[in-house]
Colleague: 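Mind having a look at this structure? Questions to follow.
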Protein chains: 2
Amino acid sequence: MQLESLQLFVEVMRYGNFADVARAHGVAPSSVSRSIAALERDLGARLFQRSTRRLTPTEAAAVFYHRLQPALREIESARAAAGDLQREVSGTLRVSAPAAFANSAIVPLLPEFAALYPQLGLDLEISDRFVDLLEERIDVAIRLGSLPDSNLVARRLAQMSFQVCASPDYLRRRGVPQVPADIAAHDCLLFPRVGYDLDWLFRDSGGEVEKVRIEGRIQIANSAAILSCAIAGMGLALLPDWLLRDALATGRLQALFADYEVSATDFDSAVWILYPSRSYLPQKTRVFVDFLGERYATRPA
Amino acid sequence: MQLESLQLFVEVMRYGNFADVARAHGVAPSSVSRSIAALERDLGARLFQRSTRRLTPTEAAAVFYHRLQPALREIESARAAAGDLQREVSGTLRVSAPAAFANSAIVPLLPEFAALYPQLGLDLEISDRFVDLLEERIDVAIRLGSLPDSNLVARRLAQMSFQVCASPDYLRRRGVPQVPADIAAHDCLLFPRVGYDLDWLFRDSGGEVEKVRIEGRIQIANSAAILSCAIAGMGLALLPDWLLRDALATGRLQALFADYEVSATDFDSAVWILYPSRSYLPQKTRVFVDFLGERYATRPA
DNA sequence: TTTATTAGTGCGTATAATGCACGAATGCAG
DNA sequence: CTGCATTCGTGCATTATACGCACTAATAAA
């Protein structure tokens, strides 16, 4: 029984065919086929019913998979733990982050981080869905907003604050709103959120919250696209500060309502960093978490 | 990382030296030495401090060992479980069968079968369409009639013979037909079949085939419903023997033309049992196929 | 000091793995 | 209904790997 065959089997269960697994591993499909066949010989049981175009796992495969997968992960984890005891930061760190945040807040920091730890490879998995850290073998994940409960270790990187902004061109044409109620007369770029109405919340320095109904003809569920629209002068946008930093710094956008905190949902969104709660935290994970923590402490988002 | 290297490592931790492990495995000591060295390369950490006459496990080895050992045991156990599923009658058997056949010919046998194999769960998928065994993860399928070609293993359970019958009440009112041609004057219960005209075929003991045009006002594409109509005295019905057994035995129906073979299509219909593959045939599939085979051999349908 | 045993290393051979090409099967698009 | 493309499996030639043997260095016990 080959360990590689077991890993291939697990991936075949995930992908549902041999060819994709072969491509992912850079080997010939026949190799995968032979590995699985060898495994079946070892088990004395058929794992997949094959028709040329479809693989169907047998009951034996399902049983084997559900017990094998945790064991393989444990071996991998044990290997990492043993290695990290005597090794410096090395290997590959798999980071999962939302697309917009990765592009504007992580990628700019990568050169410095990579220079700090030349032995460490970085695998940035960009995805806006909530990935399963264990399933995808993610070491560290960035999550925005409020946090669903889980058995992961969570650390709050920074408070996430929002700002209303528009392009100078737009403000010249339509005027600069002075108080929150003024935005009712403006085009707003809408980010549809399930469970929330089309209101923006403004909290003044005294803590008073004002809710203003907004209107607009453009609605996009992608904050990077909303940013582009705002820069193009299509209206007011409510966006998180980490996404605006560049555009504000270069003057392509102009922030409004400096005296207010603004939000579309509530006022306690944050940037979270998550990692699996392992008894032995790999060095690479620790240094990455510490690095981001430092960065966001000294240069708050 | 080789699975065998991991197993060797565990044993080295137990024995405390390479030579004994090598002897226990019937390999050369140099082989063990090389396996451990490869493992150390994979981990990036030294596992043993070697002095020619003594091995001292490092801290990394201790950490690795304590997590590796349960994982290896789990893999071995998972392998045994998957294999046992093949060799022992356990798990769940998914059977696909046409509704009428399932109700009258399979369900009555289930109590006995279930008692024979108490560890086996049974999932009876009743469907009159031709399901894709792989797609639906079906272990065994029952098919009636003639068989479309496929890459499945097919076994003929029994010849399927048809009989013309009617209720005693109906025969009292309308008279008992003596020769095939007599049925032209009777109400017949029609089962519409694509590609076949409304004729019934009679083959006498001499092999002579007679085709008789039938007529009737009731047409139902459901043999169980036709059975009910016949029992209710609504006409003559041409039905497969396995569907009639009960009604004939209790006298609710009476068979006609004992000296003829009858059919609505051709004379070589059969009950087929199909399963996906012959290699690594799970025990649960084998016992079910054998059980039905025995049942239909001793008590022909 | 001698002896016996152990780990590590070259080296040649034997076994195993791999890729490629080909064939059969099958789902999909036109 | 018919090509078209993709997928899995197998035979074959090639390549890579693993293995044992012989030998060296080292060390604990006699």
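Source: prediction; values computed, not measured. So that the names make sense, note that chain A is the first sequence line, chain B the second, and so on, each numbered from 1.
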Colleague: If you check the A/S51 side chain, which of C/dT26, D/dC8, D/dG20 turns out closest?
Modeller: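 The answer is C/dT26.
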Colleague: For A/Q2 and D/dA18, give me the distance from atom CD to atom P, rounded to whole Å.
Modeller: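 For the pair A/Q2 CD and D/dA18 P, the rounded distance is 9 Å.
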Colleague: Can you tell me how the ring of B/F113 sits relative to the ring of B/F288, calling it parallel under 30°, perpendicular over 60° and tilted otherwise?
Modeller: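 Aromatic pair B/F113/B/F288 classed perpendicular.
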Colleague: Take atom CZ of A/R54 and atom C1' of C/dA25, then tell me their distance rounded to the nearest Å.
Modeller: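 After rounding, the gap between these two atoms is 13 Å.
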Colleague: Assess the residue pair A/R34 and A/S30 against the criterion (side chain to side chain donor-acceptor pair (under 3.5 Å)); give the C-alpha distance rounded to whole Å, side-chain angles, the decisive distance to 0.1 Å, and a yes or no.
Modeller: CA-CA 6 Å; A/R34 278 187 283 242; A/S30 57; 3.3 Å; yes
Colleague: At less than 4.0 Å, is any side-chain N or O atom of A/R53 found next to OP1 or OP2 of D/dC4? Yes or no.
Modeller: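 So the side-chain polar atoms of A/R53 never come under 4.0 Å of the phosphate oxygens OP1 or OP2 of D/dC4.
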Colleague: Base, sugar-phosphate, or nothing: which does B/G26 touch, judged by heavy atoms less than 4.0 Å apart?
Modeller: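 Contact class for B/G26: sugar-phosphate only.
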Colleague: Which of residues 29-49 of chain A have a heavy atom under 4.0 Å from DNA chain D?
Modeller: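 A/S30, A/S33, A/R34, in order of number.
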Colleague: Does the side chain of A/V12 reach to within under 4.5 Å of the side chain of A/D20, using non-hydrogen atoms?
Modeller: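 Contact flag for A/V12/A/D20 side chains = no.
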Colleague: Between atom CG in B/L55 and atom C1' in C/dA7, what is the gap in whole Å?
Modeller: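 For the pair B/L55 CG and C/dA7 C1', the rounded distance is 8 Å.
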Colleague: Do the rings of A/F9 and A/F64 sit parallel, tilted or perpendicular, given the 30° and 60° boundaries?
Modeller: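 A/F9 and A/F64: tilted rings.
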Colleague: Tell me: CD of B/E4 to P of C/dA17, nearest whole Å?
Modeller: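 Taking atom P of C/dA17 as the reference, CD of B/E4 is at 11 Å.
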Colleague: Could you please name the option among D/dG9, C/dA7, C/dG19 that lies closest to any side-chain atom of A/F18?
Modeller: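 Nearest to the side-chain atoms of A/F18, counting from C-beta on, is D/dG9.
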Colleague: Can you tell me the distance, in whole Å, between the CZ atom of A/R50 and the P atom of D/dT10?
Modeller: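 Interatomic distance, CZ of A/R50 to P of D/dT10: 9 Å.
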Colleague: Is the backbone N or O of A/L47 less than 3.5 Å from a side-chain atom of A/T58, with the two atoms forming a donor-acceptor pair by type?
Modeller: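 Checking the backbone N and O of A/L47 against the side chain of A/T58, a donor-acceptor pair under 3.5 Å is found.
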Colleague: Give the rounded distance in Å between these two atoms: CZ of A/R23 and C1' of D/dC8.
Modeller: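 About 12 Å, once rounded to whole Å.
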Colleague: Any non-hydrogen side-chain atom of B/S269 less than 4.5 Å from a side-chain atom of B/D266?
Modeller: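 Yes; the side chains approach each other to less than 4.5 Å.
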Colleague: Could you tell me how far apart A/N17 (CG) and C/dT26 (C1') are, to the nearest whole angstrom?
Modeller: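 Interatomic distance, CG of A/N17 to C1' of C/dT26: 14 Å.
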Colleague: For residues A/S35 and A/E4, determine if any side-chain heavy atom of one lies less than 4.5 Å from a side-chain heavy atom of the other.
Modeller: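 When only atoms from C-beta onward are counted, A/E4 and A/S35 do not touch, as no gap falls below 4.5 Å.
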Colleague: Whole-Å distance between C/dA16 C1' and A/M1 CE?
Modeller: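 After rounding, the reported distance stands at 18 Å.
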